[in-house]
Amino acid sequence: MSKRHPLNAEGKFWIDQDVCLACSTCFDVDAPQNIKYDIETNTSFVFKQPENDEELGNLRMAIDACCVEAIIED
């Protein structure tokens, strides 16, 4: 069962904290304007849903790059 990180912003993109390995690709490379790292849970979370086409594209690149498929688009 997927577990939505409690810090995920409300919306269609979110990160499954039971799956995320905090590899840093999503928040360092692909979508730093939308994803951050939570040191307490050692996982990432979507702190801001995309507000434009660039952010949407970056989040979808992060989904493709995620090695454990932890980033979800509902």
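Residues Leu21, Val68 make up the rest of the hydrophobic cluster containing Val19, defined by ILVMFWY side-chain heavy atoms closer than 4.5 Å, directly or through other members. Grouping Ile, Leu, Val, Met, Phe, Trp and Tyr residues whose side-chain heavy atoms lie under 4.5 Å apart, directly or via other members, places Trp14 in a hydrophobic cluster with Ile72.
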Without placing hydrogens or testing angles, list every side-chain donor-acceptor pair under 3.5 Å for residues 40-47, not counting sequence neighbours.
{"unit_1": "Thr41", "atom_1": "OG1", "unit_2": "His5", "atom_2": "NE2", "d": "3.0"}
{"unit_1": "Thr41", "atom_1": "OG1", "unit_2": "Asp38", "atom_2": "OD2", "d": "2.8"}
{"unit_1": "Thr41", "atom_1": "OG1", "unit_2": "Thr43", "atom_2": "OG1", "d": "2.8"}
{"unit_1": "Asn42", "atom_1": "OD1", "unit_2": "Tyr37", "atom_2": "OH", "d": "2.5"}
{"unit_1": "Thr43", "atom_1": "OG1", "unit_2": "His5", "atom_2": "NE2", "d": "3.4"}

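Counting only residues at least two apart or in different chains, salt bridge (Lys or Arg N to Asp or Glu O under 4.0 Å) contacts with residues 44-53 comprise Lys48-Glu51, Lys48-Glu55.
Rounded to the nearest 0.5 Å, atoms SG (Cys20) and CD1 (Ile71) are 7.5 Å apart.
Linking ILVMFWY side-chain heavy atoms closer than 4.5 Å, directly or via other members, places Ile15 and Leu7 in two distinct hydrophobic clusters.
In this view, Asp18 and Lys3, Asp16 satisfy the side-chain contact (heavy atoms from CB on, under 4.5 Å) rule, not counting sequence neighbours. In this view, Glu69 satisfies the side-chain contact (heavy atoms from CB on, under 4.5 Å) rule with no residue, not counting sequence neighbours. Residues passing the side-chain contact (heavy atoms from CB on, under 4.5 Å) test with Ala9 are Gln49, sequence neighbours excluded. With sequence neighbours excluded, the residues forming a side-chain contact (heavy atoms from CB on, under 4.5 Å) with Arg60 are Lys12, Phe13, Leu56, Glu73, listed by chain and number.
Within the 4.5 Å cutoff, side-chain heavy atoms of Pro6 are placed close to those of Gln17. Side-chain contact check for Asn58 versus Ile35: every heavy-atom pair is 4.5 Å or farther apart.
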